[in-house]
Each structure stands twice: as structure tokens, then as C-alpha cells.
Amino acid sequence: MSVQSKDLRNVALVGHNGTGKTNLVEQMLYYANVLSKPETVESGKTTSDYTDEEIARKISVHASLNSFTWEGKTINIIDTPGTADFIGEAICAFRSCEAALMVVDGRIGAQIETIKLWRRLDSRNKPRAVFINKMDKERASYRHVIDSLESEFQSHFVPVVMALGEAEEFKGVINLIENQAYEFVPGGKEKAIPIPEKYSAVVEDFRNRLIENAAEGADDLIEKFFEEGTLTSDEIRRGLREGLKDNRVVPVFCGATDKGAGITSLLNFIRNNFPNPLDGFDFRIDEQGIEHTTPIDPNGPVAAYCFKTTIDQFSGKLSFIKVVAGKITPETDLYNPDLKKKEKPGKLYRALGKKLIEVDALEAGDIGIIAKSNITSTNCSLLSGPDVNYVFRPVRLPQPVFQLAVSTEDKKSADKMNEALYKIAEEDLTFQIKMNPETKETVIGGMGELQISMILEKVQEKQKIKINTQTPRIAYRETITRKSGIAEYSHKKQSGGHGQFGRVLIEIEPIERGSYYQFTNAIKGGAISKGYVPGIEKGIQESMSEGYLAGYPLVDIGITLIDGKEHPVDSSEMAFKLAAKGAMEIALSKAGCVLLEPIMKLEVFIENEYLGAILSDLSAKRGRVLGQEEKGHLVAVQAEVPMAELRTYAIDLKSMTSGTGSFELEFSHYETLQGRLADEVIAEAKAAKAE
């Protein structure tokens, strides 16, 4: 049976690596009677971490969809990896869920990935709650972690439960809404018990603060609170529901997933207070490229999008979709406007990790799976027909921060490698593979060394091939710094019969950075027929692509065709193309050619103790620090650094910060490279060409 939109809860489960997200999912499934026994990551048998690589490495690598029912509501929870290398999986979950649940270690508080994920949630204004885990471990402190969260983030944290003891004294939680304590039972589910007398005073204090926060959720609740000084449990829930929906409050929970503690209160709150899809909206882009918000509409024409693709060895291609409008059944026609094709899904599924559960329909707001589709791929829109004049906004993913050039010993192995890598790139959009025509290298890129090494290991093992890797060459550019003056060249060739003749006079000059190329035909009086001008342009563009100093493409050059001469018999488009190339060679020799190197915008996330080392290293890498932002005990450093200095930065940063630092990277602009470094690049390029 399909589930009505109002009865759905879509939750992205996120947090730093090792905080216990996957174990939390196991406990939720156990409490919902989906599992007879919760497994642990260490056992290698969890529902969420089911691939060989996840089981072997004991970490989550892929986002895993798990659907279950809790007291009449269907919860779709997407368990995401907590390692920076797999951030794309978390972003896909953010895109498709109305709310997030951030898991935090009760001994540590906010960590680097906590902060980065929080910033991404802020950029989407996404409602969220926090689950403070591992309250049974030594040094765990509920109050300390809440204090650390409040110092890190400009958010209003509202404890919904209290810890019933901490560390070795931890026994369970006290639910402040229900005024009920829950004690964990070793090997079983927690049981409700009366609140111990020694906690009465602090519970009353925390509950009064909870009621005050809930009252701010609605005007009538504020009035009642001022008049009576209290609210009922249902009124507290309503106030928190409104505050959470508008992202004005962050409810806080705690527990211990190893012992199954804190699960009942968390599931009850998700059921009663997390936003349903009807509280949310999505983003569509019209024919003019303008973005609009669009509501989740159960009664509208069918509309959905694919936010994730996987290739399963048994089920084949699996497309994870979010339904935005209407109702999709196995017989619904779905139209892909990019491919201009339509098909019926045939079968629809929910998921429980790797297990697919067939359903008869997916309502607006629901998340489900289509198997073996020929028209779906990540970021595609699925609409009711070709008359619909919009598409959904694609998932926005960060640029790769780690790259390698890959090669094999022979063509057969290269074909196998490329086919496997392109399939992986279809599943994971943070992984890229491309042939660089300038350096003649196949370059792969991703979010970190771990992601790339795991991909290469998998391909080599499955394809039985050896892949060689090396640091990619940098795609430099060349440009000019001054006007050339008039450059003249005549191409003459006579070898019996028709000869070749073309004479060209040009002048070149620098133009605005990023403009690439500008051609002006300033010939007067018809000295060259119009039919030969395209040949001249081709010659100029070929010269620009071939470069002058080191064979790198020339950019940001304005070319003016001043004059020329043709022969009534011997002139041709080819003759003028060669004449133009000769004139360009002369002009470039006078125009002060220089190399341009790519500059990257870098943001590094580190603990305060490593700041000095990072700033010193950036200076040594010819970087310009643009600013730094303190986030409690963490610092985000923004800088611009030449790409040539960052080719091994993922490894360098890991070494400098004992594996705790992370960074994000995107292209910024090109800048002039001169002196010894430029000479080295030119010499290296000439040597490679000679080889």
C-alpha cells in the first residue's frame, strides 16, 4: 500500500565518522520490529553497511535508504557516510529529505565534519535535530556537549530529553515532554520507569525551559503560557513542531546506541514533530533558467526527480527518486525531458538497506526506487509529459579535491578500465573521469585519497587489470602582455600548375582575462575576399590551440585582420589559413607571451592547534590567505593557491593534522606565472613533446 504524504517522515542521518549513525539505524529498525536483533558495525552484518568495502573497512561509504513504520507513520531514513571523501552521499540525502538528524559523540561534541555538515544544512535552511550518542562511555557529558554546540553554532538548542546518569552511571533517558524515564535493558528494548526522585528538581527546571521554548512556536501558546505558566504535552509537541519546521529551534536528544538507549523518545519525536513532506517544497527551473520553489503537491501532475543511482549486481541499475507531485504507480508514464523519452516504471520499491520491498505506488513526498530504468540517471527530472516546461534543480556537488592520472599497459586493459570507471562516475557524481586533450592524460578526481584508492582497488580486482597512477600534469594556459604591432606573412608555394598564395597582415593585443578570443575583420576595399576569411580564422584558432611558449592553449587575445592580398588563381582557403598561422607566429614573438597557471579557491578546516602549521604551509605553497573564521575550537581558513601546489594536498593535510583536517576546493581563475617556475614548466613541456 502507498503511504499518504502527511504520514511520511524523510530524515537524513548525518554526522562525523564514528559517531554511531549506522548503529542508530539498527536500533530504530529493531525497535520498529523490522529486525529481530540489532547488529553492530563491527559485526559486519548491519542493514545499512552491506557492501563488501563497507564491511571490510567498518565505515559507511554509500548512503543507504531504510524505510519502516513507527506507530502509523512511515519513516524514510537515509544513513550517510561521515567521512569527507563521501560528502556527495550526504548532499544527496539533504536534497531529498525535509529534515536532518545530526549524530554527535557525547565525549567530543562538534567535530570537523559536524561543522561542515551544519554549514551545508544552514545553506539550505534545513530543519534538524541532534542526537548525542555514546552517553555510556567514559568522559561523556550531556551538558558539556550542548554547551560546545551552542558555542560552535548560532542555533537555539532545546533539550527534549535528559540523560539518566552519564558514563558508567548511565542508565537511560528522561523524556521531558512525556515526563517519563526510560531505562535500557541489556539485550532488549528500553522500559518505562518512574523518574527517580533525585532527578525531580533538575527535571522540573529543564521541563520549564522546554515549555518556554515550545510556547514561542505559536501565538496562542504564548498567551496560554503567560496566563497559566504551563502547557500540556500535546501543546509542547505542537510548539516544537512549528519551531522545528521553521528551523528556529534544534531539539536535542541523547542515548547510547550500543545499549539501545534513547531510541523510544527519538522515534516518538520524529513521528510526532518532524516535518512531513507537505511542510516542505522543492526547486524547479523554468524554460528561461529562472528558479522557483514548488510545493509538494499530492494532487498535481506527476513530477519526480532522481537524486541517486547505484548499480546492484543482482537488481541491476537502481534509481532513487523523490516524488514531488502526483502519485506514481507501475503503470504511470514518466517522461525525461533531457532524453525526450518516456517509459513506465514497471515496479516500484522501498528499501531496507540492500533489500528491496515492492510497493504499489509512491505518493507525493515519498522516496522510493525504480529498477532497471532506461531513462533515469542522477539529476534527471521525471515529468508527466513533454508539455511540462520546467525541470528540477540538480543536486549541487563540490568539485573534486584529489586527482590522479591513470593508465594501463595495453589498450584492452584501458578499455576495461574506462568502462568500469565511467559506470562508477554514473553512480557517484563526486567522482569524475575525463580525458585531458592538452596533457593527453586520463584524469580521475574525487573528494579524497580514500575514495579514489577504494575505487581503483575495486576496478583492478573486478577487471583483473593493473592500473598505473601518477600526479596529473597541470593544464597551464598562455597569453600575451602587449600589442604586437603589425605582423605580416605571405604563404607562397609553386610546384607546377596551380600554386598557393595568401598574404595576411594582423595585429594582436591582450583582452580582458576570461574573454578567450576576439576576432575583428578591419579590411577595407575588398583586399581579401570574404570567402577566405573563415580560413584565416581557422589558422588563428589553430595557432591559439597549439600555443607558443610550451604548447599550452593561448587565451585572452584580440586579433585584428588589417590587410592582405590574394591571387586570382593560386589563392585558396588553405593558403590563407597557413598565412594566418605564419602571421600569428610573428605577432606572438613580439607580444610578450607569458604562462598562466590555474589558481584554486581553497577552504581548510582544522583544529586551532594546527593553525600555525597550516598558514606556514600555505605561504610555502605560494598561497594567499584571504581570511579565517573561528568555529569554537575549529578554524576555517580561506585561501587562493596555485593548482600546481595542491596536487598532493589531501596527503599533505592528513600528515600535518594527524588525519583530522579536511578541505574543499574549486577553480578560481588564472594568473601569470613567470621566472624560474615558468622556465621549468616550459622546459618540461618541450622535453615531453620531444619524447
Side-chain angles (χ1 to χ4, degrees), residues 2-14 65 67-78 91-102 118 120-131 155-158 160 177 213-222 233-253 266-284 291-300 302-305 307 321-328 362-368 392-393 395:
S2 62
V3 180
Q4 291 186 20
S5 303
K6 66 181 179 64
D7 294 328
L8 287 164
R9 305 289 183 270
N10 298 318
V11 184
L13 187 63
V14 297
L65 174 62
S67 301
F68 61 93
T69 301
W70 180 257
E71 296 189 359
K73 306 295 182 186
T74 295
I75 298 174
N76 291 318
I77 192 155
I78 302 182
I91 293 173
C92 288
F94 290 164
R95 179 73 174 87
S96 55
C97 295
E98 283 73 41
L101 178 64
M102 180 75 73
W118 199 275
R120 292 188 182 279
L121 289 169
D122 281 345
S123 71
R124 294 164 172 79
N125 196 30
K126 185 78 68 178
R128 73 211 71 167
V130 170
F131 183 81
S155 298
H156 190 44
F157 294 91
V158 181
V160 175
I177 298 176
N213 285 300
E216 295 178 7
D219 291 342
D220 63 313
L221 295 180
I222 292 177
S233 294
D234 284 343
E235 288 168 338
I236 294 171
R237 292 189 186 97
R238 178 160 67 90
L240 291 176
R241 184 160 56 248
E242 292 300 315
L244 175 62
K245 182 178 73 173
D246 297 336
N247 195 25
R248 288 184 285 105
V249 300
V250 179
V252 183
F253 301 82
L266 178 62
L267 285 172
N268 285 344
F269 193 89
I270 291 173
R271 179 204 183 278
N272 295 324
N273 301 286
F274 265 45
N276 67 56
L278 298 179
D279 294 325
F281 55 86
D282 219 288
F283 303 92
R284 58 182 172 83
E291 189 170 282
H292 308 268
T293 58
T294 186
I296 306 297
D297 182 7
N299 301 312
V302 167
Y305 59 84
F307 64 89
I321 65 167
K322 170 72 175 281
V323 184
V324 178
K327 174 181 177 180
I328 297 179
L362 294 171
E363 300 275 355
D366 210 348
I367 295 172
F392 289 105
R393 184 174 80 185
V395 178

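On a predicted model such as this, the values are computed, not experimentally measured, just so you know. Side chains included, hydrogens not; waters and symmetry mates left out as well; all remaining heavy atoms used.
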Inset, instruction - State whether a side-chain donor-acceptor pair under 3.5 Å links Asp282 with Thr294. - result: no

Legend entry - Pairing residues for Lys126 by the salt bridge (charged side-chain N to carboxylate O under 4.0 Å, His left out) criterion, not counting sequence neighbours: none

Inset, instruction - Ignoring hydrogens and angles, tell me if any N or O in the side chain of Ser5 forms a donor-acceptor pair with the backbone of Ala364 under 3.5 Å. - result: yes

Inset, instruction - May I ask you to check whether Asn276 and Asp7 show a side-chain donor-acceptor distance below 3.5 Å? - result: no

Legend entry - Ile78 to Ala93 - nearest heavy-atom pair and separation: CG2-CB, 3.8 Å

Legend entry - Within 6.0 angstrom of Lys73 NZ, more than 12 heavy atoms from elsewhere: yes

Inset, instruction - Kindly say whether Pro275 contributes a backbone atom to a donor-acceptor pair with the side chain of Arg241 at under 3.5 angstrom? - result: no

Inset, instruction - Test Phe253 against every option in Phe269, Phe157, Phe274 by the ring pair (Phe, Tyr, Trp, His ring centres under 6.0 Å) rule and name the one that passes. - result: Phe269

Inset, instruction - Report the residues that fulfil ring-ring contact (aromatic ring centres under 6.0 Å, His included) with Phe392, sequence neighbours left out, ordered by chain and then residue number. - result: Tyr305, Tyr390

Legend entry - Cation-pi geometry met for Arg128 and Trp118 (6.0 Å, 45°): yes

Inset, instruction - Would you check if the side chain of Arg271 reaches a backbone N or O of Gly72 as a donor-acceptor pair within less than 3.5 Å? - result: no

Inset, instruction - Return yes if some donor-acceptor pair links the side-chain N/O of Asp366 with the main-chain N/O of Leu362 below 3.5 Å, else return no. - result: no

Inset, instruction - Locate the shortest heavy-atom distance separating Gly365 from Ile296; write the atom from each residue and the value. - result: N-CG2, 3.6 Å

Legend entry - Worked check of side chain to side chain contact (heavy atoms under 4.5 Å, CB included) between Val130 and Val250: CA-CA 7 Å; Val130 170; Val250 179; 3.8 Å; yes

Inset, instruction - Test Glu98 against every option in Lys322, Lys245, Arg9 by the salt bridge (Lys or Arg N to Asp or Glu O under 4.0 Å) rule and name the one that passes. - result: Lys322

Legend entry - Side-chain (Arg248) to main-chain (Leu244) donor-acceptor, under 3.5 angstrom: no

